[in-house]
Amino acid sequence: MSPPRIDRWLLKSEPDEFSIDTLAARPNRRGVWDGVRNYQARNYMRDGMQVGDLAFFYHSSCAVPGVYGIVSIASAAYADPAQFDRKSAYFDPKSSTAAPRWSAIDVALVERWHAPVTLERLRTIAACADMVTLRRGNRLSITPVAAREWRAICAAVGR
DNA sequence: GCCAACGTTGGC
DNA sequence: GCCAACGTTGGC
């Protein structure tokens with residue numbers, strides 16, 4: 001018997017680039033998760049994610065890094081339009097519409113928490129001791145989240 | 001701003 | 001295929 005499919009994720013974003021508040025302010029509370037330029041992270045989007053999966057929205061490179069809420073995966077992976085846009089910071093001259101290199105997905109806000117589960121707090125949660133995104137030197141912007149990690153972090157905000 | 005850690009690139 | 005150089009990430 002194979003282990004259950006991973007259906008929980010963590011999506012990292014610098015709030016100056018794209019924040020959970022920006023997402024919450026949209027009328028439909030949906031957004032495009034684009035600009036991922038790492039192959040492993042892309043593979044998680046393209047090969048691992050399914051519509052309806054849930055993901056923590058993590059803010060990095062900011063005053064208080066941590067998990068600020070939950071989004072759902074609202075589309076299958078598709079070619080990231082930014083890779084073809086010469087004016088975009090995410091433009092990739094090595095990519096082509098015939099053979100797109102990078103993927104994007106749509107996300108929909110599920111919960112925006114009043115207070116984050118901070119990185120400092122995450123490091124104290126025993127169930128998260130082996131969490132991928134907490135590992136030394138990890139820089140992946142998209143990582144799988146184990147069921148026990150998901151439950152423990154939700155419990156930390158009373159969910 | 002610093003710097004450790006990592007991924008990618010490109011010469012060989 | 002190796003690996004040094006480089007650019008980027010992200011906590012502090």
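The shown structure was predicted, so the numbers you read here are calculated from the model rather than taken from an experiment. Order of the sequence lines sets the chain letters (A, B, ...), proteins ahead of strands, with each chain counted from 1.
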Asker: Going by an N to O cut-off under 4.0 Å, is there a salt bridge joining Arg42(A) and Asp47(A)?
Answerer: no
Asker: Spell out protein contact along nucleotides 2-12 of chain C as letters: B when the base is contacted, S when just the sugar-phosphate is, - when no protein heavy atom is under 4.0 Å; keep the 5' to 3' order.
Answerer: -----BBBBSS
Asker: Please report whether the ring centroid of Trp9(A) lies less than 6.0 Å from that of Phe56(A).
Answerer: no
Asker: Looking at Arg5(A) and Asp53(A), does any basic side-chain N land under 4.0 Å from a carboxylate oxygen?
Answerer: yes
Asker: Is there a side-chain contact between Ile142(A) and Val36(A) in this structure, where contact means two heavy atoms from C-beta onward sitting under 4.5 Å apart?
Answerer: yes
Asker: If the threshold is 4.0 Å, N to carboxylate O, is there a salt bridge linking Arg112(A) and Asp21(A)?
Answerer: yes
